[in-house]
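Structure record follows, encoded as structure tokens.
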Amino acid sequence: MNEFVTFLQMGGHGLYVWLAYGIAWAALIVIGVRPILTRRRFIAMHRADAEPERTAE
């Protein structure tokens with residue numbers, strides 16, 4: 001267990017290293033998810049435009 005704690009501390013630089021990894025992973029997740037959400041919004045917006053207007057009879 002002591003070796004694992006030493007690994008996490010990384011010679012006193014562990015906070016900065018793990019924070020950098022966390023920020024990098026968060027950025028990668030945003031870069032991956034944002035286009036999917038934007039595409040869904042785009043399709044939903046244009047699907048409404050493509051439907052013919054219904055007139056009341």
Side-chain angles (χ1 to χ4, degrees):
M1 185 67 179
N2 190 25
E3 293 175 12
F4 183 69
V5 172
T6 304
F7 169 73
L8 290 178
Q9 291 175 349
M10 294 192 176
H13 300 288
L15 174 66
Y16 305 108
V17 172
W18 295 115
L19 190 60
Y21 272 111
I23 291 170
W25 275 106
L28 289 173
I29 290 169
V30 168
I31 288 170
V33 171
R34 190 169 182 196
I36 295 169
L37 297 177
T38 303
R39 181 176 184 267
R40 286 184 183 171
R41 244 182 270 127
F42 178 82
I43 290 172
M45 184 174 60
H46 289 294
R47 183 176 292 147
D49 290 342
E51 291 178 0
E53 292 185 23
R54 299 181 188 243
T55 57
E57 293 181 17

Students should find that the hydrophobic cluster of Val33, defined by side-chain heavy atoms under 4.5 Å apart, otherwise consists of Ile29, Leu37
State which residue, out of His46, Arg39, Arg41, Met45, fulfils the side chain to side chain contact (heavy atoms under 4.5 Å, CB included) condition with Ile43. Arg39
With a 3.5 Å cut-off and sequence neighbours excluded, list the donor-acceptor pairs that the side chains of residues 4-22 form with protein atoms.
from	atom 1	to	atom 2	distance (Å)
Thr6	OG1	Asn2	O	2.8
Trp18	NE1	Leu8	O	3.0

